[in-house]
There are 2 protein chains.
Amino acid sequence: MVNSPAPSSNDVKTHHESVGAWAKRYYFANRAAIESVLRPYGIGTTQWYVLYQLANDGPTIQRDLGQLLHLERATLSGIVSTLVRKGHVEQVPGATDQRQRVLHLTKAGRKLWEGLPDPIAVIGATSLQDISEAELATAVRVLKAATQRLNDYMADGDRT
Amino acid sequence: MVNSPAPSSNDVKTHHESVGAWAKRYYFANRAAIESVLRPYGIGTTQWYVLYQLANDGPTIQRDLGQLLHLERATLSGIVSTLVRKGHVEQVPGATDQRQRVLHLTKAGRKLWEGLPDPIAVIGATSLQDISEAELATAVRVLKAATQRLNDYMADGDRT
DNA sequence: GTGAATTCGTTCGTTACCTAACAAATATCG
DNA sequence: CGATATTTGTTAGGTAACGAACGAATTCAC
């Protein structure tokens, strides 16, 4: 796309746009691919992550799950109620703290989980093969650093 | 970050998850930051891209705009009608082909555009400073290659 | 030149993300 | 103890993305 002459300072914006643009495209392509694997089972990508957590780490407080998956309370609330409606997850008030909701798989939920393919393995393997460990590490480092900056920026901006 | 022992096959999943996970987090952090810049003006990120196109390249057929911005017809349709509702954009049937819609800025839309900051410049500059050109290029290359793979995978899967 | 295929935009249903505002429960401080 | 703050989850409203199905316009084939 952007062929590579000596990058002038004018290229900065182009580069920036590229990382952002490609992060977006990769995110959505990845999501679409995962969803195509999961579609026959009637669950979405983020719903899968919730089931994954509950299946592997057992009952979890909704608040903690939100932090683990980097989701806002409101977002998780909707996803959980979808899973509850479908009968895969049960949501019970916490024993000591009545505000909290403890989530755990229902029997049906566990059964579903056991029949589920692992979309990360299926999709991830195809999408990243032939990319060296070093390149992967660089990509992650860049994405991580940039995300960090943005979060700092937002935190600052809020306080001002 | 990811220190580099001989990568066992168990690392594969971890790495894959990381690129996907970080692409997602960067995408949303970026979007949130851009939206915070644009919020006072009452427009969203993708709406800004539409205005950008119309301001710089003049009237455009909706179909072409979709390809430029990598958006499906259905997605763009909603975004355009939001901009039309707000009075920034006008959507007129094509002269030669009555199926097509030609989009152009209204007078109010152009005025808005002229008072708008450039969120890509503002946000991109902060988020990617101190990252070398080489690293940026690698990140883009990885994201691009992975996206390519996923698109191929989806195309194959559809035909099967 | 007419019937079939294609293209373009819209609408509908779904997923997933956010903020803001709110209610209930719990914690903290005077 | 009791008023005030904080935490947890939900709801409502907004943005953005997708696929499927549809109608209208156009193009293609024969």
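- Whole-Å rounding puts the A/Asn30 CG to D/dC18 P distance at 14 Å.
- A straight line from CG of A/Leu38 to P of D/dC18 spans 19 Å, rounded to a whole angstrom.
- Of the possible donor and acceptor atoms, one in the side chain of B/Ser81 sits under 3.5 Å from a partner among the backbone N and O of B/Ser77.
- Computed from coordinates, the B/Asp97 CG to C/dT7 P distance equals 12 Å when rounded to whole Å.
- The nearest whole Å value for the distance from the CD1 atom in A/Ile34 to the P atom in D/dG19 is 15 Å.
- Close placement of the A/Phe28 and B/Tyr27 rings is indicated, their centers lying within 6.0 Å of each other.
- Listed pair B/Gln62 / C/dT10 meets the phosphate criterion, a side-chain N or O lying under 4.0 Å from OP1 or OP2.
- The interatomic distance linking A/Arg25 (CZ) with D/dA16 (C1') rounds to 16 Å, in whole Å.
- For B/Arg99 against C/dT7, a side-chain N or O and a base N or O form a donor-acceptor pair under 3.5 Å.
- OP1 or OP2 of C/dC17 lies within a sub-4.0 Å distance of a side-chain N or O belonging to B/Lys24.
- From A/Thr138, atom OG1 reaches atom CD of A/Glu135 across 7.5 Å, with rounding to the nearest 0.5 Å.
- Both A/Val122 and A/Leu112 are assigned to one and the same hydrophobic cluster, defined by single-linkage of ILVMFWY side chains at heavy-atom distances under 4.5 Å.
- As rounded to whole Å, 11 Å separates atom P of D/dT11 from atom CZ of A/Arg101.
- If you find the closest nucleotide of DNA chain C to B/Val102 and to B/Ala32, the one lying nearer the 5' end belongs to B/Val102.
- Taking the ring axis of B/Trp113 as reference, the NZ or CZ atom of B/Arg110 does not stay both within 45° of it and closer than 6.0 Å to the ring centre.
- For A/Phe28 and B/Ala95, each mapped to the nucleotide of DNA chain D holding its nearest heavy atom, the one lying further toward the 5' end belongs to A/Phe28.
- Here A/Tyr27 reaches the OP1 or OP2 of C/dC17: one of its side-chain N or O atoms lies under 4.0 Å away.
- The main-chain N or O of A/Val80 is never found under 3.5 Å from a side-chain atom of A/Arg85 such that the two would form a donor-acceptor pair.
- A 4.5 Å side-chain heavy-atom check between B/Tyr49 and B/Leu68 finds every atom pair outside the cut-off.
- Near DNA chain C, defined here as any heavy-atom distance below 4.0 Å, the residues from residues 65-86 of chain B are B/Arg73, B/Ala74, B/Ser77, listed numerically.
- Straight-line distance from the CD1 atom of B/Ile61 to the C1' atom of C/dC8: 11 Å, rounded to whole Å.
- For the residue pair B/Gln47 and B/Thr82, the shortest heavy atom distance occurs at NE2-CG2, 3.9 Å.
- Taking 4.0 angstrom as the limit, B/Gln47 places a side-chain polar atom (N or O) nearer than this to OP1 or OP2 of D/dA16.
- Within the 4.0 angstrom heavy-atom criterion, no nucleotide atom of any strand lies near A/Ser36.
- Sequence order on DNA chain C of the closest nucleotides to A/Thr45 and B/Arg39 puts A/Thr45 first from the 5' end.
- Atom CZ of B/Arg31 is separated from atom C1' of C/dT19 by 13 Å (rounded to the nearest Å).
- For D/dT8, the OP1/OP2 oxygens have a side-chain nitrogen or oxygen of A/Arg63 closer than 4.0 Å.
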